[in-house]
There are 2 protein chains.
Amino acid sequence: MEKDLCRVSCVNRPLMEQVLKALPDEPLLRGAAEIFKMLADPNRLRLLHALTQEELCVCDLAALVDTSASAVSHQLRLLRTARLVKYRREGKMVYYQLDDEHVAHLLQEGLRHAAEG
Amino acid sequence: MEKDLCRVSCVNRPLMEQVLKALPDEPLLRGAAEIFKMLADPNRLRLLHALTQEELCVCDLAALVDTSASAVSHQLRLLRTARLVKYRREGKMVYYQLDDEHVAHLLQEGLRHAAEG
DNA sequence: TCAACGGCTGAACAACTGTTCAGTTATTTT
DNA sequence: AAAATAACTGAACAGTTGTTCAGCCGTTGA
């Protein structure tokens, strides 16, 4: 006897097969989630937004978000390993910039959606 | 005597004024971060991706991400309060769909960026 | 009206995030 | 070579997130 609650009524449909089949695979979903996670913090958004305009050094960025250089350095490391920013050394200073245009675009889309909502 | 470390060499520039002035204001940044935070989880991405294709009920969604109905319900509440999804009641069933096209677009952008990186 | 069912919710708990603090590295200046 | 400086890092701590568990609410059908 079939006892599988709701499953009787709605899961066993070809529709579900189709939806499930269209789902991106695990690694891709993880990757996308990782990127969104990096964008899920106001201070990181500030850093990235600033970098859409201009290449900046760590202490400039620290001043911009009004926190310690250490805290910003940790954040920048996250952004680096997520490939959202790249850097360039010049003497004692390290200058950061966005890794590519895509990042700026995502940022802009998120801000626009937030402004409309 | 000026002792403010790096600040002497790089902060006091008109450039910084400009960058700072262009920064979106606090509420907007918080709003955008909130949206990105909702997108920062593989299971929520699965749910949203499924909903880009089809309106679905809670137990369908639960089956899709292979977790309990309770867990999905909690996730859906987050997505609801962030205005990423809306719902419709029909008898005992509750059907969810994306709140607007913008969500699908953001999702797609994130996945594309992840695929390229 | 009462049991069954789809879905929702609060509390609790483990896992994760972001900051601070202290200490390190690499480069420049004296 | 030594002191100073820009930036990085590991450990530790508070705050947050996602799941589970138990129980509740609203609708349906006997």
Side-chain angles (χ1 to χ4, degrees), chain A residues 1-11 29-30 33-48 55-82 85-97, chain B residues 1-11 29-30 33-48 55-82 85-97:
Chain A
M1 177 188 165
E2 190 76 55
K3 278 203 168 189
D4 280 340
L5 19 121
C6 165
R7 289 182 190 168
V8 179
S9 61
C10 48
V11 155
L29 286 167
R30 279 185 181 280
E34 211 57 39
I35 291 169
F36 286 128
K37 200 177 292 180
M38 290 302 101
L39 298 170
D41 177 86
N43 269 351
R44 281 197 296 270
L45 288 183
R46 263 185 267 267
L47 296 175
L48 291 171
E55 181 187 57
L56 291 166
C57 70
V58 175
C59 62
D60 275 346
L61 292 168
L64 207 66
V65 300
D66 194 29
T67 58
S68 69
S70 175
V72 172
S73 195
H74 278 295
Q75 302 283 28
L76 288 171
R77 184 157 71 112
L78 293 176
L79 295 174
R80 250 187 291 144
T81 59
V85 301
K86 54 187 175 182
Y87 66 100
R88 174 178 74 81
R89 174 152 225 135
E90 188 175 314
K92 285 191 272 189
M93 319 284 279
V94 174
Y95 291 94
Y96 281 82
Q97 51 185 300
Chain B
M1 178 187 163
E2 190 75 53
K3 280 202 168 191
D4 280 341
L5 18 124
C6 164
R7 286 181 192 167
V8 179
S9 60
C10 50
V11 156
L29 286 167
R30 278 185 181 279
E34 209 57 37
I35 290 168
F36 285 128
K37 200 177 294 180
M38 290 302 100
L39 298 170
D41 178 86
N43 269 352
R44 281 197 296 271
L45 288 182
R46 263 185 266 266
L47 296 175
L48 292 171
E55 181 187 58
L56 291 167
C57 70
V58 175
C59 61
D60 276 347
L61 292 168
L64 206 67
V65 299
D66 195 29
T67 59
S68 68
S70 174
V72 172
S73 196
H74 278 294
Q75 301 284 28
L76 288 171
R77 184 157 72 110
L78 293 176
L79 295 175
R80 250 186 289 141
T81 59
V85 302
K86 54 187 175 183
Y87 66 100
R88 175 177 72 82
R89 174 153 226 135
E90 186 176 315
K92 284 191 272 190
M93 319 285 279
V94 173
Y95 291 94
Y96 281 82
Q97 52 185 297

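Small disclaimer: the values here were computed from a predicted structure and weren't measured. Labels below follow one simple rule: chain letters A, B, ... track the order of the sequence lines, proteins then strands, and each chain is numbered from 1.
Within the 4.0 angstrom heavy-atom criterion, only backbone atoms of the sugar-phosphate kind lie near A/Tyr96; the bases stay farther away. Contacts of B/Ser68 with the nucleic acid, taken as non-hydrogen atoms under 4.0 Å apart, involve only primed sugar atoms and P, OP1 or OP2.
A/Arg44 contributes no side-chain N or O that, together with a main-chain N or O of B/Ala33, makes up a donor-acceptor pair within less than 3.5 Å. The backbone N or O of B/Leu79 lies less than 3.5 Å from no partner atom in the side chain of B/Arg77, so there is not a single donor-acceptor pair.
Atoms CG (B/Leu76) and C1' (C/dT9) sit 13 Å apart, rounded to a whole Å. In this entry the distance linking OH of A/Tyr87 with P of C/dA26 reads 12 Å, nearest Å. As rounded to whole Å, 12 Å separates atom P of C/dT28 from atom CE of A/Met93. Taking atom CZ of A/Arg30 as the reference point, atom C1' of D/dG18 lies 14 Å away to the nearest angstrom. The OH-P distance, from B/Tyr95 to C/dC8, rounds to 13 Å in whole Å. Taking atom CZ of residue B/Arg46 and atom C1' of nucleotide D/dG18, one finds them 14 Å apart after rounding to whole Å. Atom NZ in A/Lys92 sits about 15 Å away from atom P in D/dA3, given to the nearest Å. We find that CG of B/Asp41 is positioned 16 Å from P of C/dA15, with the value rounded to whole Å.
Around the OH atom of B/Tyr95, the shell of radius 6.0 Å holds more than 12 heavy atoms that belong to other residues, nucleotides or ligands.
For the side-chain contact (heavy atoms from CB on, under 4.5 Å) test with A/Val72, the passing option among A/Leu64, A/Val65, A/Asp66 is A/Val65; the others fail.
Scanning all heavy atoms of the two residues, the minimum distance from A/Ala82 to A/Met38 falls at CB-CG, 3.6 Å. Taking every heavy atom of both residues into account, B/Val85 and B/Leu76 meet most closely at CG2-O, 4.2 Å.
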Distances for protein N/O vs nucleotides 9-14 of chain D N/O pairs under 3.5 angstrom?
| from | atom 1 | to | atom 2 | distance (Å) |
| --- | --- | --- | --- | --- |
| D/dT9 | O4 | A/Ser70 | OG | 2.9 |
| D/dG10 | O6 | A/His74 | NE2 | 2.9 |

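Using a 4.5 Å cut-off on side-chain heavy atoms (C-beta onward), B/Leu61 and B/Gln75 make no contact.
Residue A/Glu34 is the one, among A/Glu34 and A/Arg89, whose nearest nucleotide of DNA chain C lies closer to the 5' end (criterion: closest heavy atom).
Nearest nucleotide to the A/Val94 side chain, out of D/dT20, D/dC8, D/dT28: D/dC8. Closest to the side chain of B/Gln75, from the set D/dA7, C/dT19, D/dG18, is D/dG18.
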